[in-house]
Amino acid sequence: MTPISPASLCALLVLAGSATAQDADEFGPWYLDFSVGITNMEDSQGLVGDVGFDSGIGASLLFGYELEDALGDDFGLAIEFEGFFSEQSVDTRVLAPGSATPEQFSNNAFLINGVIDYQLTDKISLYGGAGAGIAGALDLDSKGDSPADFDIDDDFAFAYQGKAGARYLLGGNYSWFLQYRYFATEDLEALDSSVPVSFDLENRQSVFEVGVHYGL
């Protein structure tokens with residue numbers, strides 16, 4: 001059976017929401033967001049020059065809780081609990097002389113966000129927020145016959161982000177949204193234990209996303 005990609009799943013959720021949302025008259029303060037997007041990771045200073053990255057993929061799943069009437073009628077305030085994953089290929093072929101070829105960098109993170117939204121029209125709302133948390137599963141994957149191989153020495157790292165976007169109400173409790181996310185962690189130690197040498201890898205990502213917002 002052919003697997004369904006995250007982008008296809010997101011599209012199916014949007015279509016399902018447009019077909020069924022009119023049946024939902026009321027929903028509570030909890031909501032669920034799912035999004036997928038394209039990541040662009042900034043270059044990082046390496047041992048023999050800058051380390052570059054190709055565009056990659058990102059995905060997010062979160063639960064949010066709206067604090068009703070916290071900021072008046074037009075503005076809303078919410079707290080979110082979010083899981084975020086990203087992966088991108090490494091464009092630089094050599095991190096150090098004699099080392100294995102770097103292939104891709106990936107990480108996940110768990111964050112708590114604060115979000116403010118503004119109801120622009122009956123169907124369109126704008127929002128922005130920031131969050132902080134912990135990143136884990138930090139992996140700098142390499143391949144090749146060389147015994148020298150860089151990997152991320154940190155098991156966890158402090159993570160933070162800012163995001164902004166626009167939602168369009170499909171009806172009832174379904175909306176779809178476009179979003180920009182700036183995600184970063186503290187610098188990560190990339191270590192080759194065979195040599196041993198290391199450098200600090202900067203993890204700074206811009207992510208452009210599309211997603212589905214579902215009121216529970």
Side-chain angles (χ1 to χ4, degrees), residues 6-7 10 32-65 77-96 102-117 126-142 150-167 177-192 197-211 213:
C10 188
L32 174 69
D33 280 10
F34 172 73
S35 65
V36 293
I38 298 174
T39 67
N40 292 282
M41 189 164 170
E42 297 178 10
D43 291 353
S44 173
Q45 179 65 45
L47 286 174
V48 294
D50 288 343
V51 180
F53 302 87
D54 295 327
S55 296
I57 58 171
S60 166
L61 180 67
L62 68 81
F63 287 95
Y65 184 84
L77 177 64
I79 303 296
E80 297 178 342
F81 307 91
E82 180 174 21
F84 172 72
F85 168 82
S86 71
E87 180 178 280
Q88 41 274 312
S89 298
V90 182
D91 186 48
T92 302
R93 297 293 85 193
V94 178
L95 296 182
E103 285 292 292
Q104 61 187 25
F105 170 77
S106 61
N107 65 205
N108 60 32
F110 298 95
L111 307 112
I112 298 177
N113 307 318
V115 177
I116 296 176
D117 68 78
L126 307 177
Y127 65 91
I134 297 294
L138 305 158
D139 184 35
L140 182 61
D141 187 35
S142 302
F150 280 91
D151 199 5
I152 302 300
D153 192 50
D154 303 278
D155 293 326
F156 301 97
F158 173 71
Y160 58 94
Q161 68 175 2
K163 59 182 181 178
R167 295 191 192 98
F177 61 88
L178 298 174
Q179 176 174 278
Y180 168 77
R181 179 198 308 267
Y182 180 80
F183 172 84
T185 69
E186 61 183 307
D187 291 351
L188 309 170
E189 184 180 15
L191 174 67
D192 188 335
V197 293
S198 66
F199 65 92
D200 288 336
L201 181 70
E202 299 171 0
N203 182 13
R204 312 282 188 270
Q205 304 177 28
S206 292
V207 191
F208 299 91
E209 298 167 289
V210 60
H213 174 91

- Message: Run T39 and F183 through side-chain contact (heavy atoms from CB on, under 4.5 Å) and show every step you take.
- Response: CA-CA 10 Å; T39 67; F183 172 84; over 6 Å; no
- Side-chain contact test, heavy atoms from C-beta onward, threshold under 4.5 Å: evaluate it for F81 versus I112 and give yes or no. yes
- Query: With a 3.5 Å cut-off and no angle check, do the side chains of Q205 and S86 form a donor-acceptor pair?
  - Reply: yes
- Message: To the closest 0.5 Å, what do you measure between CG (N107) and CD1 (I152)?
- Response: 9.5 Å
- Are D117 and R167 close enough that some pair of their side-chain heavy atoms sits under 4.5 Å apart? yes
- Any donor and acceptor pair, going by atom type alone, linking the side chain of Q88 with main-chain N or O of F105 inside 3.5 Å? yes
- Message: Could you report the tightest heavy-atom contact between S198 and F150, atom names first, then the distance?
- Response: CA-CE2, 4.4 Å
- Message: With a 4.5 Å cut-off on side-chain heavy atoms, are L140 and L188 touching?
- Response: no
- Query: How about D139 and D151: do any of their side-chain heavy atoms sit closer than 4.5 Å?
  - Reply: yes
Which donor-acceptor pairs under 3.5 Å do side chains of residues 43-58 form with protein atoms, sequence neighbours excluded?
unit_1	atom_1	unit_2	atom_2	d
S44	OG	E202	N	2.9
S55	OG	N40	OD1	2.9

- At their closest point, which heavy atom of S60 faces which heavy atom of F84, and how far apart are they? CB-CD1, 4.2 Å
- Item | With D153 via salt bridge (Lys or Arg N to Asp or Glu O under 4.0 Å) - residues at least two apart | none
Please output the side-chain donor-acceptor pairs of residues 156-163 that fall under 3.5 Å, not counting sequence neighbours, one pair per line with the distance.
unit_1	atom_1	unit_2	atom_2	d
Q161	OE1	R181	NH1	2.6
Q161	NE2	E82	OE1	2.9
Q161	NE2	N113	OD1	3.0
K163	NZ	E80	OE1	2.8

- Please work out which of the three classes, parallel, tilted or perpendicular, describes the rings of Y127 and F177, given edges at 30° and 60°. perpendicular
- Approximate separation, where rounding is to 0.5 Å, of D154 CG and T185 OG1: 8.5 Å
- Side chains of D187 and R204 in contact at under 4.5 Å (non-hydrogen atoms): yes
- Is there a donor-acceptor contact under 3.5 Å from the side chain of D192 to the main chain of V197? no
